[in-house]
Structures are given as structure tokens and as C-alpha cells.
Amino acid sequence: MSLMYKSTRSEQKVTASYAILKGLADDGGLFVPEVIPALDVPMSELAGMGYKDVAYEVMKLFLADFTETELKSCIDHAYDEKFDTKEIAPLVKAGNAWYLELFHGATIAFKDMALSILPHLMTTAAKKNNVHNEIVILTATSGDTGKAAMAGFADVPGTRIVVFYPKDGVSPVQEKQMVTQKGENTFVVGIQGNFDDAQSGVKKMFGDKALAKELADHGYQFSSANSINIGRLVPQVAYYVYAYAMMLKKGAVKEGNPINIVVPTGNFGNILAAFYAKQMGVPIGKLICASNRNKVLFDFFTTGTYDRNRDFYVTSSPSMDILISSNLERLIYRIAGEDSIKTLEMMTELSKTGKYQITDAMKEGLADFYAGYADEAQTAEEIKAVFEESGYVMDTHTAVASGVYRKYTEETKDTTPTVIASTASPFKFARSVMTAIDPKYGALSEFELVDELVKTAKVSEPAAVTEIRTAPVRHNNQCDVCDMEKTVKAWLGI
């Protein structure tokens, strides 16, 4: 029987393709697979495969209503020359850890790994479900999702994409990447607020049934490219399976022995994908959840209370500047014994009061996780320390993860081979990276910093950076949070 998907907030069951098209369930819940499928190919065999083949072996199990031809076509279109390495996700040793470089795609951030394939999954899903409306991708971004989604969906027939981002909450390179995006079907808006404001505004539009009808009357329907979409999560599971296979191939681990995985975490999707990989049978020990100064997840894992009622900080790792970690709902659902009523109660409590408390029994379900955080000073210190120790230059998000891993090993003395998810190129955050290495770089302009980074890291300038040096600004739109719906409707001509 084909693997079906259900909502975290009801017993609604749908196919994988329908879940990808919808993005969010009608009841506001997130789609999760009925069961986590077990890998059916030995890890020793996966170790001899390239990235595309490993991705297929993982995704075929989750996306059961896609044919082999359909799924392989999506994979082939996604993982092509848009990536600057045939490995797609290289595994690089630096110091005592292995860094899984997930930033070799078109927009030099890990979001490319899933957002290169999502448009192909979505357009295939539309055909399979006889959808004739134009699909309007509605997305909030803390910096990387927006550009990666637009790059994926730009000029894809039958789609449009709207991206909202916090006007003063992303790096200069992140903003330049977004506002210079080509594509007649792309629309970028800076909001006066933070990422959580943008995400809440998007979720509100998704849950508005009157708006959905109004859209349908004009031939449109919403879908999501955020990590709430299961079509984002499944491709992420694939790269953790690939990471273990590559560790085995490189002789860094013996088959069957565990590895630990460290993930810089904001919306919880990336580390949830690693959790799903473990449930599939990948030998993973600890899942180390690394937070920046916005340490709502660290506090949750430490106390069992999720509480977003706190100060919001703008940091040098903006993709983690999040207080409402949407994907955590999928983990809550699982540790609540897949009790949709209990999950709905907790999410309603979060919506009303900004917090909820899990039970002692649910806490036992978090045993796979270790949580830590790194503040701004510790993040900068880690960039400098790793560079001086090994010559490896990492971005700010990866540095948060690396710093938390350093604390973890000091605290636990655990010597298990470890993979750190390196989620963005240092070129996206050149100022923070270079001034961490040496404050003297602080006086340089943004692109002078890029030039120095090329010399320091001994790597080529990414094409994504070269492109924005001269790219004209195409999007100069701003709005207040309360005007997000009005702004979308105006662009669609409604």
C-alpha cells in the first residue's frame, strides 16, 4: 500500500503529491508520513552511489505515488549544473569534525538542496491531481528560503511566488540576492517586522478560507515553499543518509557504528530531517540542536516548556533568528504518541499564550536530542578558532553549530564521529566572518570583504556573489505586517 500522509491536528489522510500541493493541511496542521519508512538498500551499497541515486532511494520511500520516471526526472532537473560541484553536498574534514557542505547550489545556502527540487515535485503533483489553477507560492523567509525558492520557481509555468522578508533582519548579501531576482512570476516584499511576524502573516493567509475562495474564483491557489511543506522536508532527509554513506566510503566510520549530527537550528526543519533519517535506520547517535542567542529551542529541550514570550534578537546568523519554530510541531506530534487532539491543544495554547508545556512522558521522547547555544561572541570566536586550527572558513550559522559541538565534547567527552551541517557559504556573511578572523577587515566595503575572503579561504568566489555585484534591483516593495494580504491581492490583480 502507498505511504499516505496525515495532519498533525486531525485524522485527514492524503497522498504525498496532494500534501506537497497543499503545503499546509486544511486544519492548520502539518503533514507527516503515517509511518517513517525503513531504508531498503544497505548502507554499503549507498556508499557506492552518487548523490542523485541516494536521493532517489530515500525519496521513493516517502513519495510513494510518484512513479520512478517522475521522481527521477525531478531529481535530474534539480541536482544539475546549478551546483558548482558534482558531489552536490561535499563532506569536508576540519579539526575533529566533518562538515557537510550544503551550500553549493545556486543561492549558496542549504535551502537549495530542497528548493531546487520542490518546483519539479510541485508541478508534477499538480498534473497528478488535475489542478488547473495557477499555484501561488506564498513564503516567509529569514534570509535564505526566499532567494532559493524564487530561484527554483522563477518562470516555472503555472506558478507565481511571493516572498516576505524582515526588511532589517537579513544580511546585505541576502537582501541583494532577493531584490535582484529575475523572473516575471516573482514578487519580493520587505516587511516592517521580524521573521516571526512574516511567518505569522503567511500562516494567517493560508488559514483564511474566504481568501482561498476569492483566489479560486480568480484561478489561483496558495501553496508553500517553507519547510512546513513536506516536499521541502523529504529532500533534506536524503542528504543525511548521503552523509552517513560518505562517512562510510571515506573510512570515517564502520558500517553500523553511529555518527552524531549537529545542526544550526531555527525553524527546526533541518534537524527534524536528520531525526527522520535516524528513524529510517541510519545509525545516528545524538542529534545536537544548536541555537544562537534566540535560544527558544535550547530552553525547550532543557525545561520541557516552549515559550516564545521573550526578547527577539537580530544576530549575525539571521536564518536562526526565529522564536516560533514551526517544524517542532511534527516532533511534538510524534512524542505525543501521534495524538492529533493533544497536538492541537498545545498549538492552540501556543497561539493564545505564546507557550506550552510537554509532559514527562513526552520528555522521554526527546532522548535523541542534545541542545546547546552560542551567543554572538562565541560565534565569532569559533570562526576564528577553526580557521586558526585548520584553515577552514565557515559562515556564522555553521559556527554556531561548531561552537555548540565544541561545548558538547568538552561536557560529555563523546568521541563519536560527527557531521556538522554547514548550512551557508561564508560569502553570504562576509563581514561577520572576516571581522571575526581579524577586526581590521571592518573598514572594508561589502565586496572588498568578498575579495579578502577569496584569498583567506583559498576558494573561488561563488557565481551567486559575482552575479549580484552588478545585478540591478528589480524589487523595491515594502509593507506593514497588517497589509500583507492586501499587497498579495494587489500583485495578483484581485
Side-chain angles (χ1 to χ4, degrees), residues 5 7-10 12 14 17-31 118-119 122-123 125-126 129-142 145-146 149-150 153 156-167 178 183-232 267 324 326-327 329 344 347-348 350-352 475 477-494:
Y5 284 77
S7 168
T8 53
R9 302 188 189 184
S10 71
Q12 177 188 10
V14 300
S17 62
Y18 185 84
I20 288 170
L21 263 184
K22 285 287 291 180
L24 198 65
D26 290 332
D27 52 43
L30 308 189
F31 288 115
L118 183 61
M122 198 168 279
T123 50
N129 289 272
N130 298 310
V131 168
H132 302 295
N133 285 342
E134 193 163 5
I135 299 166
V136 180
I137 307 299
L138 186 62
T139 293
T141 185
S142 53
T145 288
M150 285 188 291
F153 281 95
V156 171
T159 70
R160 294 194 185 203
I161 179 164
V162 186
V163 170
F164 290 99
Y165 74 96
K167 184 73 185 75
M178 285 190 280
E184 294 306 309
N185 63 338
T186 64
F187 186 54
V188 187
V189 186
I191 66 154
Q192 304 303 320
N194 60 39
F195 169 73
D196 289 329
D197 296 324
Q199 182 167 251
S200 296
V202 164
K203 277 191 166 184
K204 184 180 176 185
M205 281 186 268
F206 270 116
D208 188 332
K209 290 183 169 51
L211 177 59
K213 184 181 183 309
E214 195 174 359
L215 284 168
D217 290 345
H218 287 82
Y220 298 115
Q221 70 183 62
F222 280 145
S223 190
S224 171
N226 277 86
S227 55
I228 56 173
N229 193 315
I230 198 69
R232 274 277 305 273
N267 219 11
I324 305 173
S326 292
N327 267 290
E329 181 172 339
L344 176 58
M347 294 306 116
T348 302
L350 178 66
S351 177
K352 285 181 178 175
H475 306 273
N477 312 292
Q478 295 184 40
C479 78
D480 291 325
V481 175
C482 59
D483 292 328
M484 288 170 65
E485 179 183 324
K486 187 167 73 176
T487 302
V488 171
K489 286 165 69 172
W491 182 59
L492 294 176
I494 296 175

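The one candidate from Val136, Thr487, Val163, Ile161 that meets the side chain to side chain contact (heavy atoms under 4.5 Å, CB included) condition with Phe187 is Thr487. Checking each of Asp27, Leu30, Thr348 against Arg9 for a side chain to side chain contact (heavy atoms under 4.5 Å, CB included) leaves exactly one that passes, namely Asp27.
When all heavy atoms of Thr139 and Ile137 are compared, the pair lying nearest together is OG1-CG2, 3.6 Å. Leu21 and Ala125 make their closest contact through CD1-O, 3.7 Å (heavy atoms, listed as atom of the first residue, atom of the second, distance). Contact detail for Leu118 and Ala225: the closest heavy-atom pair is CD2-CA, 3.7 Å. Thr141 approaches Gly146 most closely through the heavy-atom pair OG1-N, 2.9 Å. Across all non-hydrogen atoms, the minimal contact from Glu134 to Thr159 is OE2-O, 3.8 Å. Closest heavy-atom contact between Met484 and Ala198: CE-O, 3.5 Å.
Going from atom CD of Glu214 over to atom OH of Tyr220 covers 12.0 Å, rounded to the nearest 0.5 Å. In this structure, CZ in Arg160 is found 8.0 Å from CG in Asn185, a value given to the nearest 0.5 Å. Rounding to the nearest 0.5 Å gives a distance of 6.5 Å between CE of Met150 and CE of Met178. Here the NZ atom belonging to Lys22 is positioned 11.0 Å from the CG atom belonging to Asn129, to the nearest 0.5 angstrom. Atom-to-atom distance recorded for Ser224:OG and Arg232:CZ is 8.0 Å, nearest 0.5 angstrom. Interatomic distance, CG of Asn229 versus CG of Leu24, reported as 9.5 Å (0.5 Å rounding).
Judged by distance alone, with hydrogens and angles left aside, the side-chain atoms of Asn194 form a donor-acceptor pair with the main-chain N or O of Asp197 at under 3.5 Å.
Note on ring orientation: taking the six-membered ring where Trp is involved, the planes of Phe31 and Tyr18 are perpendicular (angle over 60°, cut-offs 30° and 60°).
Side-chain polar atoms of Thr145 and Asn226 form no donor-acceptor pair below 3.5 angstrom. Side-chain polar atoms of Thr8 and Glu329 form a donor-acceptor pair below 3.5 angstrom.
With contacts defined as side-chain heavy-atom distances shorter than 4.5 Å, the pair Phe195/Ile324 does not qualify. Contact of the Gln478 side chain with the Ile191 side chain is not registered, since no non-hydrogen atoms from C-beta on lie closer than 4.5 Å.
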